[in-house]
2 protein chains.
Amino acid sequence: MSKNCRFAVAVHVCAVLAMNEGKPATSDEIARSVNTNPVVVRRILSSLAKAGLVRSWRGSTGGSVLAREPADISLRALFRAVDDSEGPALHNQPPNPDCPVGAHIVPVLGSIIGRAEAARESALAGVSLADVLGQIRSRAAAAAA
Amino acid sequence: MSKNCRFAVAVHVCAVLAMNEGKPATSDEIARSVNTNPVVVRRILSSLAKAGLVRSWRGSTGGSVLAREPADISLRALFRAVDDSEGPALHNQPPNPDCPVGAHIVPVLGSIIGRAEAARESALAGVSLADVLGQIRSRAAAAAA
DNA sequence: AGGTCATGTAACCAGATTCGTTACACTGGA
DNA sequence: TCCAGTGTAACGAATCTGGTTACATGACCT
């Protein structure tokens, strides 16, 4: 249990919801596909709901569905919904202000890291959930042949 | 002590070495600028040395210097030297192969995440240690005025 | 030769974060 | 009313983080 796999789970969850085409899926069904605990799925769903990406209902006919079309959900939106601060961090102790480097490196590095994170998110912005579904479907078709 | 700040420390360390212009700097001097323990600095220096970015000497006149010109050291090289696997991870449990999503999502997501990481590293590749030094120097000059 | 200083690394610690699990309150429908 | 499902809190084990101590190794200097 080392690294953060919430993004992977979020994409997986949404892919399952998209496959369901409007029929509510329970956290238990989704958890079986992801191979994890239903509570883990519900935690992800809760984050996704706060971001307006899914809708859930309680009760015996409850479950979750996508709140938008798969083509209108970018992986960046999923990423932001579940991973609130990825990537390399800055100093956790402020550096020595008496050294010219220590006095000025933090804002410099901050902007560089910010641009790098933006580049990563742009790459994710170019991929939609519909794209992921398409790739999954074509792989499934290839495997069936 | 939450997130990984080795990259920030690595850039800071190299900036200090570059400021020293060939004169060996001891881990103790560098640690004072970074505001951390000398052993932490030596750990970073050890990774950087394995990547061929710095050279160190023992003994009473020992210390470390850059192995290349600052303009020839990209932040991507520093990043790769100290952060061997950043970013969002895939499933840590393999998903259910009986579900069409679970059966095919891993390679699909893997290639998407790979492209996103490549985009981030490309952004870092466009910045050299010399660029960082230039920004630090101009900020220092502005602060002195 | 001996002393001193600095590197290199192992070992250990506390704090934080991860996900999995249990537990339980709440809710909606049959 | 019962039941199936969500929502969330709480806890635990595994892992990773940087800080610290300790010590062997090596290089210079007198």
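Each chain gets a letter, A, B and so on, in the order its sequence line appears, and its residues count up from 1.
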From the options [options], select the nucleotide whose nearest atom is closest to the side chain of [X].
X: A:Val39; options: C:dT9, C:dT7, C:dT21; value: C:dT21
X: A:Arg6; options: C:dT7, D:dG18, C:dC19; value: C:dC19
X: B:Arg58; options: C:dT9, D:dT6, D:dT25; value: D:dT25

Rounding to an integer number of Å, can you tell me how far [X] [atom1] sits from [N] [atom2]?
X: A:Asn35; N: C:dG20; atom1: CG; atom2: C1'; answer: 12 Å
X: A:Lys3; N: C:dT18; atom1: NZ; atom2: C1'; answer: 11 Å
X: A:Arg42; N: C:dA25; atom1: CZ; atom2: P; answer: 15 Å
X: A:Ile44; N: C:dC19; atom1: CD1; atom2: C1'; answer: 10 Å
X: A:Asp28; N: D:dG5; atom1: CG; atom2: C1'; answer: 10 Å
X: B:Asn4; N: C:dT18; atom1: CG; atom2: P; answer: 13 Å
X: B:Leu45; N: C:dA6; atom1: CG; atom2: P; answer: 14 Å
X: A:Asn37; N: D:dT8; atom1: CG; atom2: P; answer: 16 Å

OP1 or OP2 of D:dC2 under 4.0 Å from side-chain N/O of A:Ser60: no

Check this one for me: any side-chain N or O of A:Thr36 less than 4.0 Å away from OP1 or OP2 of C:dG20? yes

For B:Arg120, is there an ion pair with B:Glu117 - N to carboxylate O distance below 4.0 angstrom? yes

How do A:Thr61 and A:Val40 order along DNA chain C: which one's closest nucleotide is nearer the 5' end?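 The 5'-side residue here is A:Val40.
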
Using a 4.0 Å heavy-atom cut-off across all strands, classify [X] as base, sugar-phosphate, or nothing.
X: A:Ser27; value: sugar-phosphate
X: B:Ser64; value: nothing
X: A:Arg43; value: base

I'd like to check B:Leu75 versus B:Leu78 (side-chain heavy atoms, cut-off strictly below 4.5 Å). Are they in contact?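 Yes, side chains in contact.
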
Between CG on residue B:Leu53 and OG on residue B:Ser64, distance to nearest 0.5 Å: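 If I round to the nearest 0.5 Å, the distance is 12.0 Å.
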
Evaluate the criterion side chain to side chain contact (heavy atoms under 4.5 Å, CB included) for residue pair B:Arg32 and A:Cys99; output intermediate values, then yes/no. CA-CA 9 Å; B:Arg32 259 193 297 276; A:Cys99 165; over 6 Å; no

List the steps and the verdict of side chain to side chain contact (heavy atoms under 4.5 Å, CB included) for A:His12 and A:Ile44. CA-CA 10 Å; A:His12 192 143; A:Ile44 298 291; over 6 Å; no

